[in-house]
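These numbers come from the heavy atoms of this one structure, side chains and all, not from hydrogens, waters or symmetry mates.
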Amino acid sequence: MPEPLRILANRAEVRRAVRRLGTELTEAYPNGVVLIAVLKGSLIFLADLCREIRVPVEVDFLAISTYEPDTGRVRIVKDLDRDISGRAVVLVEDIVDTGLTLGFLQAELTRREPASLAVCTLADKVARRILPTPIAFRGFEVPDVFVIGYGLDFAGRYRNLDLIAGGDLDVLTADPDAYVSHFYRGTARA
Ligand code: IMP
């Protein structure tokens, strides 16, 4: 049975969660924080999150490419612009699934000797975790479905939804545009 499309968090719920995380980060880092986002999925979350933080924030970006899915074997294709040694750093993720990517990134960033390193994720798919990883700041725990929206994509689609929804990976694999007509007015393919 294909998993029906379901809304996991609507626009208001996403906004509330981002505000709450902003408050938590403000309290945790009174002297300011460096937010590191992993492109491209974390971009929208980062943009809203940093504006909910009431202490000085710097942002930097990493881009990675996966060698093989579900192995944690990733390669940095765009590195940070700044040195993070001695800085309070928060790695901002769109979603933590198996945790393997996060494990790689944490090891890589730890080598650069930040004063502290914590993780903030919009969505946490706890049921799929292979590598247990402490997550200090979490937006939503999500079920084991394929999550789209608010930065999260399937084959480049759905990033610009202002909600997060869970779909069926088999449905999306068969047709990446399967949910387009549900969410968008225009259904023409680019
Ligand atoms: P992990 O290494 O399995 O924790 O997952 C790493 C990456 O896979 C995430 O940062 C996402 O980019 C992508 N990913 C995992 N699950 C989903 C999902 O449900 N929707 C969209 N992207 C996902």
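The side chain to side chain donor-acceptor pair (under 3.5 Å) search around N10 returns none, not counting sequence neighbours. With sequence neighbours left out, D83 forms a salt bridge (Lys or Arg N to Asp or Glu O under 4.0 Å) with no residue at all. Among residues two or more places apart in sequence or in another chain, the side chain to side chain contact (heavy atoms under 4.5 Å, CB included) test is passed with T173 by F154, L169. D162 pairs by the salt bridge (Lys or Arg N to Asp or Glu O under 4.0 Å) definition with R11, not counting sequence neighbours. Remark: D79 pairs with R112 by the salt bridge (Lys or Arg N to Asp or Glu O under 4.0 Å) rule, at least two apart or across chains. Scored by the side chain to side chain donor-acceptor pair (under 3.5 Å) test, D170 finds no partners at all (sequence neighbours excluded). Among residues two or more places apart in sequence or in another chain, the side chain to side chain contact (heavy atoms under 4.5 Å, CB included) test is passed with D124 by V96, T121, V126, R129, I135, R138. Take N31 and apply the side chain to side chain donor-acceptor pair (under 3.5 Å) test, not counting sequence neighbours, and it matches no residue. Every residue two or more places apart in sequence or in another chain that forms a side chain to side chain contact (heavy atoms under 4.5 Å, CB included) with A28 is listed here: F137. Residues satisfying the side chain to side chain contact (heavy atoms under 4.5 Å, CB included) test with A155, not counting sequence neighbours, are R157, P176.
Counting only residues at least two apart or on different chains, the side-chain hydrogen bond (donor to acceptor under 3.5 Å, both in side chains) pairs with a member in residues 43-59 are D48-R51, D48-Y150, E58-R82, E58-R87. Applying the salt bridge (charged side-chain N to carboxylate O under 4.0 Å, His left out) rule to pairs touching residues 21-43 yields R20-E24, sequence neighbours excluded.
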Exercise for the section: Could you go through the side chain to side chain contact (heavy atoms under 4.5 Å, CB included) check for V38 and D94 one step at a time? Expected result: CA-CA 8 Å; V38 186; D94 49 1; over 6 Å; no

- request: Run the numbers on V119 and V90 for side chain to side chain contact (heavy atoms under 4.5 Å, CB included), then give the verdict.
  value: CA-CA 5 Å; V119 176; V90 173; over 6 Å; no

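Distance check, rounded to the nearest 0.5 Å: CG of L105 to CG of L62 gives 6.5 Å. To the nearest 0.5 Å, atoms OG1 (T23) and CD1 (I53) are separated by 9.5 Å.
Closest approach of Y158 and V180 over heavy atoms only: OH-N, 3.5 Å. In terms of heavy atoms, Y179 sits closest to D168 at OH-N, 3.0 Å.
Here the rule is side-chain contact (heavy atoms from CB on, under 4.5 Å) with I164, and of I148, I7, L8 only L8 fits it.
Judged by distance alone, the side chain of K78 and the main-chain N or O of I64 form no donor-acceptor pair under 3.5 Å. Panel note: side chain D60, backbone D81; a donor-acceptor pair is recorded below 3.5 Å.
In summary, the side chains of Y184 and D177 do not present any donor paired with an acceptor at a separation below 3.5 Å, with no hydrogens or angles considered.
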